[in-house]
Amino acid sequence: MRADLEKTEAERLLREARAARGESLWFDAWRRLRNNRAAFLSLAFLAVVALGSLLAPLFPLPSPAHLDLQDEPKPPVLPWTNLGDHDWDEALYRREHWELSFFDSALVDLRATLFGTWQTGAWLGTDSKGRDLLSRIVWGSRISIQVAVAATLCSLLLGVTYGALAGYVGGRLDNLMMRIVDVLYSVPFIFVVIFLITLLNEYRTTLRDEYGIEYISVFYVVIGMIYWLTMARVVRGQVLSLKNAEFIEAARVLGASTPRILFVHLVPNVLSIVIVYLTLTIPAVMLFEAFLSFLGLGVEPPKVSWGLLAVDGTEAVNPVRTFWWLVAWPAVAMGSTLLALNILGDGLRDALDPKLRGQER
Amino acid sequence: MSTPLLAVERLEKHFRTGRADLSGRKRGLLRAVDGVSFTLERGESLGLVGESGCGKSTTARTIIGLQKATAGSVRFDGVELTSLSRRGWQPYRRRMQMIFQDPYASLDPRQTVGSILTEPLTIHRVGKPRDRRLRALSLLDAVGLDPRHLFRYPHEFSGGQRQRIGIARALALEPELLLCDEPVSALDVSIQAQIVNLLKELQERFGLAYLFISHDLSIVRHLCPRVAVMYLGRIVESGPRASLYADPGHPYTQALLSAVPVPDPAREAERRRQVLGGDVPHPSAPPPGCAFHPRCPRLALEPPGAGATACRSEPPPLAERGADRRWSCHLV
């Protein structure tokens, strides 16, 4: 104040203030999440899955694309009966693989130096074309995670911006923007996606050769376009209820600019709901990808995704012989990931907004 | 006479109610503030009292530019504020600040006390980041909080402490005028006294002027030498606290004051309460003439005559009644 504190005294107080630092709501939420054992285990599990899919080329797995045509799928072998063999051929692996990025390539090099020619046995069995199932599940997780990331980014960039703008500006613009969302909501998306993807299939070579756009990235964008709608609604609702809060008015009275109010005050307060909503959107997106791939509209062989594995599985189940592992293992992989995401989402919701604990979504 | 710090003249704020949508409902007009005038001198405090919904908060919010005035003028130190652009407002934001009602809603839960208190300085580019932080320390000290709590979050404080943080934020830019919008009504009675005394102390220390909005007549009496009473968007009576409290002129003020309990059992037992009949009319459909006439006890006693007819047809002016007293009533 005008009678300012003594300089040295102030310095001392500042040091003591740092020592008596409070706990932010984020830290508080993190601690609550850590105390929620199921959610924390889910988080750890998802971290392992994400890391595993990122580092897929590093593991001493047989090639997911190496065909070994034979009569029928081989059942799983227990690791202790057949730990592995030394049949891995790096050159063949690289040749057979559908795509290896620069990063993947480096990981394959690292694998060669780490494990030599050693590769695991068919611990989870092989499919009807003799490809190792464990390897296919690990590689298939990549697509699922890529789709999840793409949809997440779409709903973050598009959904949050759209919703925040509509909510904060309000009035006529809000009305217009939300009616657009309503219209989009009422479109039967399965048909639109089928139509779009069939149409794109016509032009896929043109797209790739002339514009350098991969078919798969279009697939991601199409999925992302669907899942931002709900995010826009959620964010708009939150912004609407916050924009007349007294602390926003206080900022306006202080003369804060609109970007400052949006990014310093509104977005951080909406973020926790956005995060929770994202963790609950991701499983839906993954399922949607699997569904489209299952219908033959998504990922195409030789690439592999969890949806495609499910297709292989259904083909392998017949009245004569049931190759159960072709259904069971992809189902376990997908099911456990989705379960973990859902538990984490619930845990995050409890952690970020303790007032809502025990209430229905 | 020099220009007053704040001069509000015939300020009006109307809201549209209902929406012109497909349902074809009619738009209504709600006159939240309907011709309010008053002046406030430097270092003075004016109490604005009235029941909920009478437009006292809207008056403050319109003065500080949170809402655009429908009509009338607000002059701060001689400068018209209602026509200012956003940029033009900035220098006056430094000189006029506001304290909010709900200490739980008025602080951003994601900010530390430090960033709440330095934000005004950052917005107005006052000092270097380091100086701002030191200033935040002295602000905390000034409002009676431990400066060592600078890096704590609002949720780690009690309601009274939070209100002190809100006051410190309002003081950060060294304003000349503070608009206090029911600053204590959300607090416990024991804490109310502390905050009111803090406001009083800060006023003496920094020469602040207050526009103190409250529905609590006792607190206003304690803090404000001048009082204005609002009813349905208009000031019905104003004057110095001593004479106004001792001898209210407007029948509404009389009724309000008769409802204040006296902290003396003997006198409390003798107190005659005047209970007003009926409800406050909705401000979207105010009664014609004097807005108070349907509930007026004075009018009820009056034989039908010239004065009584005026009550129903003509709004009474806020007339000078001597000794800085004004009230608006056709019947005396």
Side-chain angles (χ1 to χ4, degrees), chain A residues 1-29 170-172 174-175 179 241-261 263-272 352-355, chain B residues 61 64-66 86 89-94 96-116 119-120 122-124 130 133-135 137-142 146-157 166 169-174 179 181 205-206:
Chain A
M1 303 311 301
R2 268 154 247 183
D4 260 319
L5 288 169
E6 195 76 32
K7 192 96 178 167
T8 49
E9 168 79 355
E11 303 275 340
R12 186 180 63 76
L13 282 171
L14 206 55
R15 270 200 309 280
E16 285 178 32
R18 287 216 177 81
R21 186 183 293 269
E23 286 180 2
S24 75
L25 291 178
W26 293 117
F27 184 83
D28 216 34
R172 212 165 283 221
D174 176 35
N175 220 332
R179 289 306 78 75
S241 72
L242 272 183
K243 77 169 176 184
N244 290 323
E246 280 188 351
F247 70 88
I248 300 292
E249 293 196 328
R252 281 170 61 199
V253 165
L254 289 171
S257 61
T258 306
R260 186 181 185 90
I261 289 175
F263 295 111
V264 177
H265 297 290
L266 281 174
V267 169
N269 280 288
V270 171
L271 213 55
S272 62
L352 290 167
D353 204 345
K355 270 177 286 183
Chain B
R61 294 161 54 88
I64 206 153
L66 277 172
R86 235 193 68 87
W89 250 107
Q90 290 303 72
Y92 298 98
R93 302 231 176 263
R94 293 188 64 165
M96 186 195 320
Q97 274 301 317
M98 184 156 176
I99 301 171
F100 291 85
Q101 175 173 8
D102 183 358
Y104 291 88
S106 63
L107 305 175
D108 185 343
R110 304 270 168 201
Q111 282 188 311
T112 60
V113 174
S115 34
I116 290 170
E119 185 170 24
T122 314
I123 291 170
H124 291 273
R130 187 164 180 75
R133 199 167 285 172
L134 294 181
R135 175 142 172 79
L137 278 177
S138 24
L139 281 168
L140 279 180
D141 190 49
D146 188 343
R148 275 166 297 204
H149 291 165
L150 191 68
F151 297 108
R152 295 256 167 118
Y153 288 84
H155 65 93
E156 295 169 297
F157 293 91
R169 171 177 59 191
L171 288 176
L173 294 167
E174 299 184 17
L179 307 183
D181 184 7
R205 195 160 150 198
F206 303 121

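Just so we're on the same page: letters track the sequence lines, and every chain starts at 1.
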Q.
Set out, in order, the CA-CA distance, both residues' side-chain angles and the distance that settles side chain to side chain contact (heavy atoms under 4.5 Å, CB included) for B:Tyr104 and A:Glu246, then state yes or no.
A. CA-CA 9 Å; B:Tyr104 291 88; A:Glu246 280 188 351; over 6 Å; no

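- Although no hydrogens or angles enter the test, the distance criterion places no donor-acceptor pair under 3.5 Å between the side chain of A:Glu249 and the main chain of B:Leu66.
- For residues 148-157 of chain B, every residue pair satisfying the side chain to side chain donor-acceptor pair (under 3.5 Å) rule, not counting sequence neighbours, is listed here: A:Glu16-B:Arg148, B:Asp146-B:Arg148.
- Here B:Asp102 is the residue among B:Ile64, B:Asp102, B:Thr122 with the most heavy-atom pairs under 4.5 Å with chain A.
- With a 4.5 angstrom heavy-atom cutoff, B:Gln111 touches chain A only via side-chain atoms.
- B:Leu173 touches chain A through its side chain: at least one heavy atom from C-beta onward sits under 4.5 Å away, while N, CA, C and O do not.
- Under a 3.5 Å cut-off, the side chain of B:Glu119 and the backbone N or O of A:Ala251 do not form any donor-acceptor pair.
- Heavy-atom minimum distance, A:Ala250 versus B:Ser106: CB-O, 4.3 Å.
- To the nearest 0.5 Å, atom CG of residue B:Asp108 and atom CG of residue A:Leu242 are 9.0 Å apart.
- Nearest approach of A:Gly255 to B:Gln90, heavy atoms of both residues: O-NE2, 3.1 Å.
- Under the side chain to side chain donor-acceptor pair (under 3.5 Å) criterion, B:Arg130 pairs with A:Glu11, sequence neighbours left out.
- Distance check, rounded to the nearest 0.5 Å: CZ of B:Arg94 to CG of A:Leu254 gives 12.0 Å.
- Pairing each heavy atom of A:Val253 with each of B:Phe100, the nearest pair is CG2-CZ, 4.2 Å.
- Looking at B:Ile123, only its side chain comes within 4.5 Å of chain A, counting heavy atoms on both sides.
- Remark: A:Arg252 CZ to B:Met98 CE distance equals 11.0 Å, nearest 0.5 Å.
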